[in-house]
Amino acid sequence: MKIELLEIKNIGGISSLLIDNFDPKINIICGKNGIGKTNILDSIATFFSPTIENIYLNVKSGLEKGDIKILIDKKIYKREITKLYTNLTGYSYDEVWIKKDNESYQGFESEKQKLIYKKILYLKTERNFNYQEESSIQADPSEQRREIQNFKGINKKEIKQWFISRKLHSAHPDHLTTIQQKNFELAKACFSLLDRDFIFSKITTKNEIIINTPTGEIYFELLSSGFKSTLFILLGIIKEIEYRFQSDNILASNFDGVILIDEIELHLHPEWQGKICSILTKTFPQAQFIVSTHSPHVIQTAEINQVIALSGKNGHLEKSTVDIAPYGFKGWTIEEILSDVMKMNDLRTKIYREAKNKFDNALDENNIEAATEAYKKLDKLLHPQYALRPLFKMQLDSLKD
């Protein structure tokens with residue numbers, strides 16, 4: 001299952017948006033704060049939530065309804081989000097109807113509809129986790145209607161329980177299916193994907209996951225926030241695929257659905273931000289990822305047509321044209337991505353701009369004393385290897401001739 005087109009009208013702060021050329025592997029949504037990146041992911045997740053329970057997705061203020069349209073594998077699916085009432089906290093509730101080819105469906109009307117719902121996974125920004133004691137190991141939950149609340153995202157509380165269960169059962173012949181065994185091997189390998197020096201070590205008799213690190217063995221929960229955020233994504237996806245497709249026995253690496261991730265760079269060092277998309281697409285090569293980011297390091301890894309740079313006014317959004325990158329962004333500097341893709345107007349600090357303006361004004365006025373003073377400040381502010389430093393010095397020296 002792949003999303004090919006998305007159209008949103010009057011949902012949250014979005015008045016209109018059309019994205020009609022999604023990449024089948026990964027799509028990186030970027031734009032200014034408040035432009036609607038998370039709103040897009042929430043809209044997709046809500047679209048694939050079959051529950052008739054209340055879903056917190058706002059219709060645009062002042063209107064009674066909004067619309068979501070998605071093209072999946074050459075077929076159009078539509079959903080009308082209607083405001084029924086508003087409570088004191090300002091949340092709007094939708095009536096949860098899906099409209100397709102002039103026919104309406106509510107809940108599970110066909111096996112195909114069930115499969116579409118099951119093939120969406122959502123990882124929201126709450127990806128860090130604290131210590132969690134596991135006094136006992138529970139049986140796997142029923143796969144029935146796990147997708148009923150796609151909007152709420154993957155449950156982080158289940159990850160440790162699932163991993164310990166798989167490790168303990170793997171010690172006994174025939175306890176796990178072949179697919180479960182392969183999924184568990186993939187899960188163990190995930191601990192080393194960011195850094196090869198980190199390796200899964202063991203499960204203790206107190207049901208603790210122990211990781212071997214360059215500084216010794218530590219509890220799973222004591223890893224850095226960046227490690228935990230990444231493991232939440234990787235292990236969370238594998239776990240959820242197993243739980244949702246127990247009767248189908250699907251290998252996690254063969255999952256061909258859609259995976260939504262909000263702020264994919266969360267808690268990651270810039271070096272790891274540049275790795276995360278590659279790690280995900282290699283671990284789950286059949287999946288389609290739709291992620292949001294504020295990080296130029298994430299964008300720098302993108303191929304052509306994988307970046308959705310949003311722009312617009314008054315909620316009317318569009319995908320900015322980035323034809324200047326016909327081969328992707330891997331040859332671009334961070335500064336070039338910030339200015340040309342993420343539309344950051346000024347990459348310098350206020351103190352630099354003030355010193356540079358004083359220097360330029362002094363040059364225009366042939367004021368040697370003021371230019372010298374401004375240059376001395378610039379000289380201290382700039383990087384030692386800044387390419388334009390010699391030019392500034394030449395400009396100052398020209399006043400002395």
Side-chain angles (χ1 to χ4, degrees), residues 13 28-37 224-226 263-277 291-401:
I28 303 169
I29 303 173
C30 63
K32 295 181 178 179
N33 277 335
I35 201 166
K37 299 184 293 296
S224 71
S225 56
E263 296 187 25
I264 192 171
E265 78 283 2
L266 200 64
H267 304 303
L268 298 183
H269 182 276
E271 181 182 356
W272 288 357
Q273 292 175 20
K275 292 181 178 181
I276 186 63
C277 288
V291 308
S292 70
T293 190
H294 297 103
S295 169
H297 300 280
V298 171
I299 295 172
Q300 197 176 38
T301 66
E303 304 285 356
I304 186 173
N305 198 45
Q306 292 182 342
V307 174
I308 300 171
L310 298 178
S311 62
K313 294 182 179 180
N314 301 320
H316 296 283
L317 307 182
E318 61 182 3
K319 177 182 177 180
S320 298
T321 301
V322 284
D323 295 336
I324 49 177
Y327 295 100
F329 297 92
K330 295 180 180 180
W332 286 42
T333 66
I334 295 302
E335 291 77 10
E336 289 165 345
I337 291 172
L338 286 170
S339 61
D340 293 355
V341 180
M342 306 185 78
K343 306 301 180 184
M344 188 171 174
N345 295 325
D346 201 330
L347 304 182
R348 291 288 189 176
T349 61
K350 181 180 179 181
I351 189 172
Y352 168 83
R353 293 196 303 270
E354 290 175 346
K356 184 63 166 60
N357 287 337
K358 288 180 180 180
F359 182 67
D360 291 340
N361 291 337
L363 292 177
D364 292 340
E365 297 169 0
N366 293 315
N367 188 330
I368 296 177
E369 183 178 347
T372 300
E373 182 182 353
Y375 174 80
K376 287 180 179 179
K377 189 168 187 177
L378 281 173
D379 190 49
K380 294 177 180 178
L381 285 169
L382 293 170
H383 187 279
Q385 304 302 321
Y386 183 58
L388 295 183
R389 183 191 298 274
L391 175 61
F392 294 166
K393 184 65 167 60
M394 289 174 58
Q395 290 174 315
L396 176 62
D397 291 341
S398 69
L399 294 182
K400 300 176 183 179
D401 294 339

Distance-minimising heavy-atom pair for Ile334 and His297: CD1-ND1, 3.5 Å
Partners passing side chain to side chain contact (heavy atoms under 4.5 Å, CB included) against Lys350 (at least two apart in sequence or in another chain): Arg353, Glu354
Neighbour count above 12 (heavy atom, 6.0 Å) for Lys358 NZ: no
Ile264 CD1 to His294 NE2 distance, which is reported to the nearest 0.5 Å: 13.0 Å
Value rounded to 0.5 Å, distance of NZ in Lys330 from CD1 in Ile304: 12.5 Å
Side-chain (Lys37) to main-chain (Val291) donor-acceptor, under 3.5 angstrom: no
Least distance between heavy atoms, Trp272 atom then Ser224 atom: CZ3-OG, 4.2 Å
Shortest non-hydrogen contact between Gly226 and Leu268, atoms and distance: O-CD2, 3.3 Å
Minimal non-hydrogen separation, Ile35 against Leu317, with atom names: O-CD1, 3.1 Å
Backbone N/O of Asn357 and side chain of Asn361: donor-acceptor pair under 3.5 Å: yes
CD (Glu373) with more than 12 external heavy atoms under 6.0 Å: no
Ile276 CD1 to Glu271 CD distance, which is reported to the nearest 0.5 Å: 12.5 Å
Under 3.5 Å: donor-acceptor pair, side chain of Arg389, backbone of Leu378: no
Any donor-acceptor pair under 3.5 Å from Gln306 side chain to Ile28 backbone: no
Heavy-atom closest contact (Thr301 atom, Cys277 atom, distance): OG1-CB, 4.0 Å
Lys356 to Phe392 - nearest heavy-atom pair and separation: CE-CZ, 3.4 Å
CG/Leu388: more than 12 non-hydrogen atoms of other groups inside 6.0 Å: yes
Sidechain-backbone polar pair: Ser292 side chain, Glu263 backbone, donor-acceptor under 3.5 Å: yes
From Lys376 atom NZ to Asp379 atom CG, the distance as rounded to the nearest 0.5 Å: 10.0 Å
CD-OH distance between Gln395 and Tyr375, expressed to the nearest 0.5 angstrom: 10.5 Å
Interatomic spacing from CD in Glu369 to CG in Leu399 - rounded to 0.5 Å: 12.5 Å
Heavy-atom donor-acceptor pair, Glu318 side chain to Ser311 backbone, under 3.5 Å: no
